[in-house]
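Heads up, the thing below is written out as structure tokens.
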Amino acid sequence: MSNTPPILAGIKTNMHYLADRQRVVAENIANGETPGYKSRELARPDFGALVDGGTPGVTPPQVQLTPAMRSLGAVLPAGAGNVIRDTDIVETKPDGNNVTIEDQLMKMGEIQADFTAMASLYRKQLGLLKAALGKSGG
């Protein structure tokens with residue numbers, strides 16, 4: 001049993017998710033011109049456990065390399081059970097690649113904004129804990 005308040009556990013889980021999502025989006029951008037490459041996304045964490053007082057987590061879908069992916073030299077990174085095929089696709093190029101750099105850059109901006117919000121929320125929660133303990137630090 002952890003002594004970490006559920007809100008802090010949720011913030012931690014979300015920050016790890018955002019870091020992993022940034023890595024996946026960066027890989028999409030890096031493979032923007034790779035023939036046959038399919039854009040990927042990361043499954044969102046399930047924060048429903050916080051409502052029940054539990055710890056948030058992710059129920060990862062099973063991801064398998066297809067023969068076509070292996071032929072392209074694709075490898076799944078560590079923790080790849082959360083990596084899923086991106087369903088928010090605008091176009092597919094004639095070579096089979098469906099990465100749109102503009103969409104990926106918009107996702108990067110979204111990740112940055114979400115991370116900034118989580119960092120701010122984390123700082124505020126720590127401030128509340130310090131105030132509750134009588135250690136305002138001021």
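All residue numbers in this chain count up from 1 along the given sequence.
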field: Nearest atoms (heavy-atom pairs only) where N28 meets R40
entry: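 Heavy-atom minimum between the residues: ND2-O, 2.7 Å.
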field: Heavy-atom closest pair, residues A43 and Y17
entry: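 Minimum heavy-atom separation between A43 and Y17: O-CE1, 3.4 Å.
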Going by side-chain contact (heavy atoms from CB on, under 4.5 Å), name the residues that satisfy it together with [X], two or more places apart in sequence or in a different chain.
{"X": "L105", "value": "I29, I101"}
{"X": "M15", "value": "I11, F115, M118, A119"}
{"X": "E33", "value": "K93"}
{"X": "D20", "value": "R23, L42"}

task: Taking salt bridge (charged side-chain N to carboxylate O under 4.0 Å, His left out) as the test, write out the residues that go with K107, two or more places apart.
output: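 For K107, the residues satisfying salt bridge (charged side-chain N to carboxylate O under 4.0 Å, His left out) (neighbours in sequence not counted) are E41, D86.
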Side chain to side chain, [X] and [Y], heavy atoms closer than 4.5 Å:
{"X": "D95", "Y": "Y37", "value": "no"}
{"X": "V90", "Y": "D103", "value": "yes"}
{"X": "S39", "Y": "Q104", "value": "yes"}

- request: Drop me the distance from K38's NZ to N97's CG, to the nearest 0.5 angstrom.
  value: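 These two atoms lie 7.5 Å from each other.
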query: Can M106 be reached from V25 by stepping across I, L, V, M, F, W or Y side chains whose heavy atoms are under 4.5 Å apart?
result: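 Per the 4.5 Å side-chain linkage, V25 and M106 are not co-clustered.
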Single-linkage hydrophobic cluster, 4.5 Å side-chain cutoff, Y122 and L128 together: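 In one cluster: no.
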- prompt: What residue pairs, at least two apart or across chains, pass side chain to side chain donor-acceptor pair (under 3.5 Å) with a residue in residues 109-120?
  reply: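 Every pair satisfying side chain to side chain donor-acceptor pair (under 3.5 Å) with a residue in residues 109-120: R21-E110.
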